[in-house]
2 protein chains.
Amino acid sequence: MKIDPHNPADLSAQIAKAIRDAIISGALPVDERLPSEAEMAEQFDVSRPTVREALKRLAAQSLIRTQRGATGGAFVNRLRFEDAYGQQITTSTLLLSMNDVSFATACEARYALERACAPLSASRRSADHLATMRAEAHRQLQPGLTDEAFCASDVAFHRALVDAAGNPVLSYQLAGAVEAMQPLMNMITFSARSREKIVALHTSIADAIEAQDAQAADAHLAALATYTQELAQNVIAERQSKRG
Amino acid sequence: MKIDPHNPADLSAQIAKAIRDAIISGALPVDERLPSEAEMAEQFDVSRPTVREALKRLAAQSLIRTQRGATGGAFVNRLRFEDAYGQQITTSTLLLSMNDVSFATACEARYALERACAPLSASRRSADHLATMRAEAHRQLQPGLTDEAFCASDVAFHRALVDAAGNPVLSYQLAGAVEAMQPLMNMITFSARSREKIVALHTSIADAIEAQDAQAADAHLAALATYTQELAQNVIAERQSKRG
DNA sequence: AGACGTTTAATTGTCTGACAAATGAAAATT
DNA sequence: AATTTTCATTTGTCAGACAATTAAACGTCT
């Protein structure tokens, strides 16, 4: 674990990289305690604040956790799926908002991935996931629901669909795609009729998953993808006509 | 942008969160310059090192970039897909290695997602992506190739397949799933015959993509998924018989 | 001897003040 | 007008200090 002593800038980044590489390579196993900040400062021949900046970088990625006290220190953190969800969602959301990704592109990605999950969800769905899907579909019919709450429920429905596949890797990868769509979906105003149609499709999807009918689930998801795209296009068309 | 002054611990985490929320909400647009470290220290009523630790946390997530000099400072960074790839791959790799994710689970996720891409890749593939796929398939036939190099080429082939879909959101989401599989694939020893079979499937996939035959591409991908699982199971079975 | 409070040492979290390095803008010079 | 020099601003780094936390070691009392 060495750093370049000739480049006196970005020392904390170099130190962070050295430690990160050691973690990725397995040289530092989970729950291993790193040397104390003072020791590392001596090892790398830098000051303690510089070491601390490096540690904070790693903490931001959940690669380490710190504990105060006599037996405290920095420990290699077991990165859990739940911890990674948040980062994944944050990153995905910012990627979409900062790169002018079109609704069509994001929507296409999301439904392509969800349709990949559907067959697995159909074969493995638990009562729990089905109940969540039903509950969210029911919530979406409540008349007083704001558009934002409707979107949030939509996300919850689709996450339950994804989670029903029982594959944590899939759930993790799709968390970003599904949740990052929410800000984009929030731009759409849902009429009572469009809500009805969406909920009908949601119900059909839940029915298909319950019946373990992968083909039907895929077909309804495809229909939902098409309808969502239509809604978005109408919104865009309306805005353009207002401008013109 | 406020922090809790009553909790004197984790100040840098609180400050980082406040700034991160401001970025996500759009209150701080891309390329906006944050106040200088000294100013923020005064604003949040903390010392400069504490502010710096907060900024390093954000820098680790590529949310800001810093620049020295008179007109320097910390700027909200436009998060690019290329920047996010690296983080996504690191996180995915660690998730798999630290959570004892089985080869079967990871493999299932990867091929499910790739099959979701295949129809889009078939309809949109460019000459460039096709050339990459062909080149990698060809490389995989070289006799002197180490198992590691074979796996690396495999990853390159599949990334080209995914990128051919022309959807950056999909490419980003799948980068993690595809690349994180590499350490797991590296545990497999590929015989000459198994390599031949894999390359044959790769070639079939490339042919199907070139012919814009989504159904054929899907079928060959499914076959590849099955065969990869078989290979892994053989390795596992061999190890268990050695133990027993 | 054992249970319970006390001290103590180690470690992270934070603060203060300082200097070096980079960098663009302003001022001075040619 | 062009070029060089100076300068102010800002980040990067360092040194030393103290507060807060924590578990282990130690003492004390029953």
Side-chain angles (χ1 to χ4, degrees), chain A residues 1-20 23 28 30-77, chain B residues 1-20 23 28 30-77:
Chain A
M1 220 154 62
K2 287 279 171 180
I3 60 172
D4 179 12
H6 298 290
N7 185 2
D10 286 325
L11 285 177
S12 71
Q14 289 178 47
I15 293 171
K17 182 180 188 320
I19 299 173
R20 182 163 38 236
I23 294 175
L28 289 174
V30 167
D31 291 334
E32 178 90 346
R33 183 181 175 282
L34 301 183
S36 74
E37 293 174 356
E39 282 177 278
M40 301 184 86
E42 202 172 353
Q43 274 183 35
F44 289 114
D45 197 29
V46 298
S47 68
R48 195 160 81 93
T50 301
V51 170
R52 281 183 62 80
E53 287 179 9
L55 293 180
K56 295 313 171 195
R57 288 177 190 263
L58 300 174
Q61 297 177 294
S62 305
L63 295 188
I64 62 168
R65 62 178 186 279
T66 56
Q67 206 176 356
R68 286 216 272 203
T71 57
F75 299 83
V76 177
N77 195 33
Chain B
M1 224 155 58
K2 288 277 172 180
I3 62 173
D4 178 11
H6 298 290
N7 185 3
D10 287 325
L11 285 177
S12 71
Q14 290 178 45
I15 293 171
K17 183 180 187 318
I19 299 173
R20 181 164 36 237
I23 294 175
L28 290 174
V30 168
D31 292 333
E32 178 91 349
R33 182 181 176 282
L34 301 182
S36 74
E37 294 174 355
E39 283 177 278
M40 301 184 87
E42 202 172 354
Q43 274 183 33
F44 289 116
D45 198 30
V46 297
S47 67
R48 194 157 82 94
T50 301
V51 169
R52 281 183 62 79
E53 287 179 9
L55 294 179
K56 294 313 169 196
R57 288 178 190 264
L58 299 174
Q61 297 177 295
S62 305
L63 296 188
I64 62 168
R65 61 178 187 278
T66 56
Q67 207 176 354
R68 286 215 270 201
T71 58
F75 298 83
V76 177
N77 195 33

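Every chain is numbered from 1 and lettered A, B, ... according to where its sequence line falls, protein lines coming before strand lines. Just so it is clear, the structure is predicted and the values come from calculations on it, not from any experiment. The figures here come from the full heavy-atom set of this structure, side chains too, leaving out hydrogens, waters and symmetry mates.
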Kindly indicate whether the side chain of A:Leu58, heavy atoms from C-beta on, has any atom under 4.5 Å from the side chain of A:Asn77.
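No. Closest side-chain heavy atoms not under 4.5 Å.
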Are any of the side-chain heavy atoms of B:Leu55 and B:Leu34 separated by less than 4.5 Å?
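The answer is yes, as the side chains (C-beta and beyond) meet within the 4.5 Å cut-off.
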Nearest whole angstrom, please: distance from the [atom2] of [N] to the [atom1] of [X].
X       : N      : atom1 : atom2 : answer
A:Arg65 : C:dT11 : CZ    : C1'   : 15 Å
A:Phe75 : C:dA10 : CZ    : C1'   : 12 Å
A:Asp10 : C:dA21 : CG    : P     : 15 Å
A:Phe44 : D:dG12 : CZ    : P     : 19 Å
B:Glu39 : D:dT10 : CD    : C1'   : 10 Å
A:Leu34 : C:dT12 : CG    : C1'   : 13 Å
A:Leu58 : C:dT12 : CG    : P     : 14 Å
B:Glu42 : C:dT14 : CD    : C1'   : 18 Å

On a heavy-atom basis, which atom in [X] and which in [Y] lie closest, and how many Å separate them?
X       : Y       : value
B:Phe44 : B:Ile15 : CE1-CG2, 3.8 Å
B:Gly72 : B:Arg33 : O-NE, 2.8 Å
A:Arg57 : B:Ala60 : O-CB, 3.5 Å
A:Ser47 : A:Ala41 : C-CB, 3.9 Å

[options]: which one has an atom nearest the side-chain heavy atoms of [X]?
X       : options                : result
B:Gln67 : C:dG24, D:dT11, D:dT21 : C:dG24
A:Glu37 : C:dG13, D:dA23, D:dT11 : C:dG13
B:Arg68 : C:dC15, C:dT12, D:dT11 : D:dT11
A:Ser36 : C:dT12, D:dT13, C:dG24 : C:dT12
A:Leu11 : C:dG13, D:dC14, C:dT14 : D:dC14

I'd like to know if the side chain of A:Arg65 reaches the main chain of A:Val76, judged simply by a donor and an acceptor atom lying under 3.5 Å from each other, with no hydrogens or angles considered.
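Yes.
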For the pair A:Arg48 (side chain) and A:Met40 (backbone), establish whether a donor and an acceptor sit closer than 3.5 Å, ignoring hydrogens and angles.
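It does not hold such a pair.
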Taking side-chain hydrogen bond (donor to acceptor under 3.5 Å, both in side chains) as the definition, give me every residue that meets it alongside A:Glu32, ordered by chain and number, with sequence neighbours left out.
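A:Glu32 satisfies side-chain hydrogen bond (donor to acceptor under 3.5 Å, both in side chains) with no other residue.
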To the nearest 0.5 Å, what is the distance between CD1 (B:Ile19) and CD1 (B:Ile64)?
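Atom-to-atom, B:Ile19:CD1 and B:Ile64:CD1 are 7.0 Å apart.
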Considering just the side-chain nitrogens and oxygens of A:Thr71, establish if one lies under 4.0 Å of OP1 or OP2 belonging to D:dA23.
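For D:dA23, OP1/OP2 do not have a side-chain N/O of A:Thr71 under 4.0 Å.
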By nearest heavy atom, map A:Ala70 and A:Ser12 onto DNA chain D; which one lands nearer the 5' end?
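It is A:Ser12 whose nearest nucleotide is closer to the 5' end.
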Looking at five pairs on each end of the helix from C:dA1-D:dT30 to C:dT30-D:dA1, what is the angle between the two axes, given to 10 degrees?
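Angle reported: 10°, given to the nearest ten degrees.
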Where along residues 48-56 of chain A does a heavy atom fall under 4.0 Å from DNA chain D?
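Heavy-atom cutoff 4.0 Å gives A:Arg48, A:Thr50.
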Which part of the nucleic acid, if any, lies within contact of B:Arg33, taking any heavy atom under 4.0 Å across all strands shown: a base, the sugar-phosphate backbone alone, or nothing?
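Contact class for B:Arg33: sugar-phosphate only.
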